[in-house]
Amino acid sequence: MLSVVFIVFLMGLAVGSFLNVVVYRMLTGESFWRGRSKCPHCHRQIAWYDNIPLLSFLMLRGKCRWCGQKISWRYPVLEFLTALLFVWWLQVGTLFFRLTQPPYTWVQPTFWLVVGVAFLSMAVVDLYYGVLPDVFTVGVAVVAFLYRFGLTVMGIMKLEDFLLYVASAVGASFFFGILILLTKGKGMGWGDVKLAFAIGLVLGWPKTLVALVLAFLTGAIVGIILIISRKRSLKQTVPFGPFLVVGTLSALVWGERMWQTYMRYLGF
Ligand SMILES: [Zn+2]
């Protein structure tokens, strides 16, 4: 079992490393198929032994072998988080993935792994570049819609539940759209609207609401800490994507329980 965990961890590292390349080339506009990675400072090609996920970063102590410039923390962080996600997915799988109808025996675990990887990438990319690329936001929305639609067609999910997922998506993105219009686009962007739509289709009701509340709470707390510690001024914005991602992943795991506790507290 331990060896399986280790192999899955290594697979996660490899996928995380691949995501780094995808994100970098997507945002710099470089052709995706154009040869080996280069150092963004001295433009030397990175040898395979300097390109091993996690290990190379540690061995090089976060600096390019040739020019000594710092390598972004984004690389090892995304690699490590993806690897952790893979291991967590493996552990949680036996409890969580219950669909026994083919092809959902493999579609269900694959769907959640893809969604997890996309959400991690969004958190890191928005934190680092301040954008939420459509590949991830619209991509997750399309994949989640097809997944839910497929479940409904197969009779695994009820039509009213499917409609509740769609309504959660529309409601969440509508809410963000109004927020943008009210604040004239300060802080939130249309990427957040698309992400909110995707979250609705992934989480449904009431977990979408839990995710949004958690995102705003953590966002407010971190924002206040940054302003008090003078890392940010009131006029500066903090990307909201990472908070939406943290809120979504938390709501996915604890959302149902949190909602029930809250409802009991209200006396329902
Ligand atoms: Zn260099």
Side-chain angles (χ1 to χ4, degrees), residues 5-89 113-140 187 189 191-192 195 222-223 225-226 229-233 235-246 249:
V5 171
F6 188 63
I7 289 166
V8 168
F9 184 82
L10 291 184
M11 282 167 67
L13 281 184
V15 170
S17 174
F18 173 73
L19 278 172
N20 276 322
V21 178
V22 172
V23 166
Y24 180 77
R25 298 204 174 173
M26 198 166 57
L27 293 173
T28 53
E30 245 178 76
S31 160
F32 183 66
W33 306 108
R34 220 192 64 198
R36 292 258 282 281
S37 298
K38 290 177 188 157
C39 167
H41 304 289
C42 65
H43 301 288
R44 280 188 201 240
Q45 275 202 353
I46 299 166
W48 66 268
Y49 50 82
D50 284 341
N51 213 0
I52 303 165
L54 217 56
L55 274 185
S56 292
F57 185 87
L58 295 175
M59 302 242 270
L60 293 167
R61 292 187 197 158
K63 284 175 191 155
C64 170
R65 179 185 294 276
W66 306 107
C67 66
Q69 291 276 359
K70 272 190 187 161
I71 305 169
S72 166
W73 55 264
R74 179 170 60 84
Y75 295 99
V77 164
L78 187 56
E79 283 159 4
F80 187 63
L81 285 179
T82 313
L84 280 187
L85 178 82
F86 269 59
V87 171
W88 181 61
W89 169 83
L113 190 61
V114 168
V115 166
V117 166
F119 271 87
L120 270 190
S121 311
M122 282 191 273
V124 175
V125 172
D126 196 17
L127 202 60
Y128 197 80
Y129 293 104
V131 286
L132 286 167
D134 284 349
V135 187
F136 297 121
T137 53
V138 179
V140 170
D192 294 301
L195 177 54
V222 171
I225 291 173
L226 286 178
S229 63
R230 291 176 186 274
K231 290 237 163 69
R232 294 275 157 133
S233 74
K235 280 178 191 158
Q236 280 176 304
T237 56
V238 180
F240 195 57
F243 300 107
L244 279 173
V245 170
V246 169
L249 295 182

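All figures in this text were calculated on a predicted structure; none of them were measured in a lab. Just follow the structure's listing: the first ligand is 1, and inside any ligand the first atom is 1.
Counted within 6.0 Å of CZ on Phe9, heavy atoms from surrounding residues, nucleotides or ligands total more than 12; the atom is thus considered enclosed.
No side-chain donor-acceptor contact under 3.5 Å links Ser56 to the backbone of Pro53. Judged by distance alone, the side chain of Asn20 and the main-chain N or O of Tyr75 form a donor-acceptor pair under 3.5 Å. At least one donor-acceptor pair closer than 3.5 Å links the side chain of Ser121 to the backbone N or O of Val117.
In this pair, Phe243 and Phe240 present their aromatic rings tilted. The plane angle is within the 30 to 60° band.
Remark: aromatic rings of Phe57 and Trp73 are distant, center separation not under 6.0 Å.
Annotation: protein N, O or S atoms under 2.8 Å of the Zn ion (ligand 1) (waters excluded) comprise Cys39 SG, Cys42 SG, Cys64 SG, Cys67 SG.
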